[in-house]
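Worksheet: one structure, shown below.
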Amino acid sequence: MPVQKVKDSSDLDAKVPSHLQRTSITSLTITSEPSHRCVKARVVHIGPVISCAQKDGIEMLRAELKEEDPLQRTAEHTSINVIFFGTLAKDFSQSARQGDVVLLADFTIKKSPSFLRDKLHPCQLEMDGKDDCVYVCPSAKPSHGPSSSEAKYTYVPLNNLKPKTVVNVYGVVTFFKQPFPSKGSDYCSTLKITDQSDVKVGCNIFSKKLEDHPVIFRVGDIIRLHRFKTEMFRDSMSLLNTYGWSTVTFDGTIDSPVVPHTSRKLFHFGESDIRTVQELRQWAANQSWISNDLTVSLSSVKPGMYFDLTCQLLAKAVMDSRCILLKVWDGTKCQHPLLNVAVASDALEGESTVAKDRMNLTANVLVYDNHLEVARDLKPGTFLCFYNLHALLQRAPDQLPDQLEHLSFHLHGGTSYGRGLRSLPAESPALQSFKSVLEKHVDLDEYDEVNDGTLLEIWYTPPEAVVLPNDDETDAEADTGPSYTVRTCEHNMRRLTLARVKRSTSPLLCHVRARVKKYNPQQLYQCLKLFCSNCKTILSVKARVKKTVHRCLCHTALGVQLMQYRLLIQFELEDQTDTLEALLWENAERFFHVSAVDASGSQDLQDKIQTIMDTIQPPDSSLEERPWLDLCVSVYTVKDNDRNRVCYQITNTEIKEE
DNA sequence: GGTTAGGCTTGG
């Protein structure tokens, strides 16, 4: 069945076959039974028809749909990808436009392979065209508000405003501040707008409710104001919201769908609004102030600059009561070395940025004072925009005076020059070009990076170590009972307590007797890693990823690198005196008598590792019930953000096999 | 039934 067009959104509802139940995008899961369901949603993006090499050259098209149900619009996962195959792809490409509302049924639900990257929806819909049902309602017929009885709203051009009147106006935003707390009881939005009359009018909006403030992403966005009061201020006309006020905003991009944004459940929106928005877009595109775009990518940022940055949040950490660190990237490489702000891994929320740090892709943004209110609620993965971000050269701690200074980013306190930040919805038109840049980094995303950034920094093979001479403070109290492990080294040393090991200086090789308090990762399949011996990148292996090559991160001339399977476990050891975190890395295969590459393909070998771990640390066991382990431990130092850091690694030790 | 802000940088 080809794609069918209908005239009105209500006609779509009439097309719903009686046996089908309308489902919200939000509630779709991989286990949803699709045969009785249909979705109605707005098309926010249509990709090109492409030929899919993996599927015998069949044509396919990706479209992005957004929830239309107003009750669901604030929920999570309101947007979803739909893949059309075969003739349906071509049909859809010819029949549907961005902004149209579509009704889909008889789709299949698959896991979305791009979810980690686009954060849209864990599932995607697939339609192969055989019996599928696709209805399209063009956006020229608005789906909001009364469609038949168009109420008459009069919009006053900005050069015709008279003082002390209540008016409706349309304008293009030339300046804006994100809502900020006023000294009174409300949040305040401050903007300046203009129209074809070229008169600029200041506008203040006061409301206690943040969600009622207009959502403005950039200069050039278009805003409609209803019931605003005019008043003279410093010889110019200005506008202030008054009883019954409302605002609706639109993206300013020419030829993008005219999609109204407002928190109001009911609002008027008709053909004339679409025309007005299109005319304002056309006019503004030729104005000099619109090309004065402050949006800059990391690749072109210069020291000292104030600029707007569209980016994605990778990780965050509270620094103190007046400062939050946001680690972000925009997929472009900065020309200046970027400052890395060191944070304890347990204070960091979000993914490890170590691989991106190494490629000079991670910008560390320090967000201060009044901006904390917004920054606090941001979740890693969110797309966001900083306004009036300040790029500053800074010396890293411990950095020598003759070394290159690093670029840091500060969102200073206050709202001067529109300083602020806000999250962007994943389908925002402001993000479309940005997302295509991120696509180029898909090779980074195909793997989960190791969650704990501290592990990544400790890939070094421990250096040749000093063997500590005999020491009086051996662990006399330690159980002299059997050990579950055996040391394979030939050092003849007495044991040290963990407390003594911690006080020692590196490099050092020593023997300890300890129990395992806990270990990471708890899900043992996650201990299997892919390791690039060239650039020292460690990647987690997802079960379905079979690729063992990657684009090497430090030596681009070497190109694609083969990665090796490795095992990596972090132990927390304990004896009577202290606890100690020690890695099992270089010695892991010998420790378990299992090769990592074999384990990658064998459930039996993975089970063997699990059995060993269950013996070392029986589930739900008390510390006393756990066996003692005789271990040889290497104490060594790594550079961690220009600081020396002492690490411990289990070496020369194997599990005893009966 | 109506204060707040009414753009205009810089510290950390």
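This one's a predicted model, so the numbers in the text were calculated from it and none came from an experiment. Proteins get letters first, then strands, A, B, ... in listed order; numbering begins at 1 in each.
Counting to the nearest Å, the P atom of B:dG7 and the CZ atom of A:Phe176 are 16 Å from each other. What separates NE2 of A:His371 from C1' of B:dG12 is a distance of 13 Å, to the nearest Å.
Residues that satisfy the side-chain contact (heavy atoms from CB on, under 4.5 Å) test with A:Lys200, not counting sequence neighbours, are A:Thr174, A:Lys192, A:Thr194, A:Trp289. A:Glu349 meets the side-chain contact (heavy atoms from CB on, under 4.5 Å) test with A:Lys316, A:Lys379, A:Pro380; sequence neighbours excluded. For A:Asn360, the side chain to side chain donor-acceptor pair (under 3.5 Å) test picks out no residue, with sequence neighbours left out. Every residue meeting the side-chain contact (heavy atoms from CB on, under 4.5 Å) condition with A:Cys385, not counting sequence neighbours, appears here in chain and number order: A:Thr310, A:Tyr387, A:Leu424. Annotation: side-chain contact (heavy atoms from CB on, under 4.5 Å) contacts of A:His226 (sequence neighbours excluded): A:Tyr153, A:Tyr155, A:Asn168, A:Arg224, A:Ser246.
For a distance-only test at 3.5 Å, the side chain of A:His412 qualifies as a donor-acceptor partner of the base of B:dG12. Under 3.5 Å, the side chain of A:Tyr306 and the base of B:dT10 form at least one donor-acceptor pair of N or O atoms. Under 3.5 Å, the side chain of A:Asp320 and the base of B:dG12 form no donor-acceptor pair of N or O atoms.
Nearest to the side-chain atoms of A:Arg419 among the listed nucleotides B:dA5, B:dG7, B:dT9 stands B:dT9.
Residue A:Cys188 is in sugar-phosphate contact alone, with no base atom involved, counting any heavy-atom pair closer than 4.0 Å across all strands shown.
Rounding to the nearest 0.5 angstrom, the gap separating the NZ atom in A:Lys356 from the CG atom in A:Leu338 is 13.5 Å.
Listed by residue number, A:Glu231, A:Phe233, A:Arg234 are the residues of residues 227-234 of chain A with a heavy-atom contact under 4.0 Å to DNA chain B.
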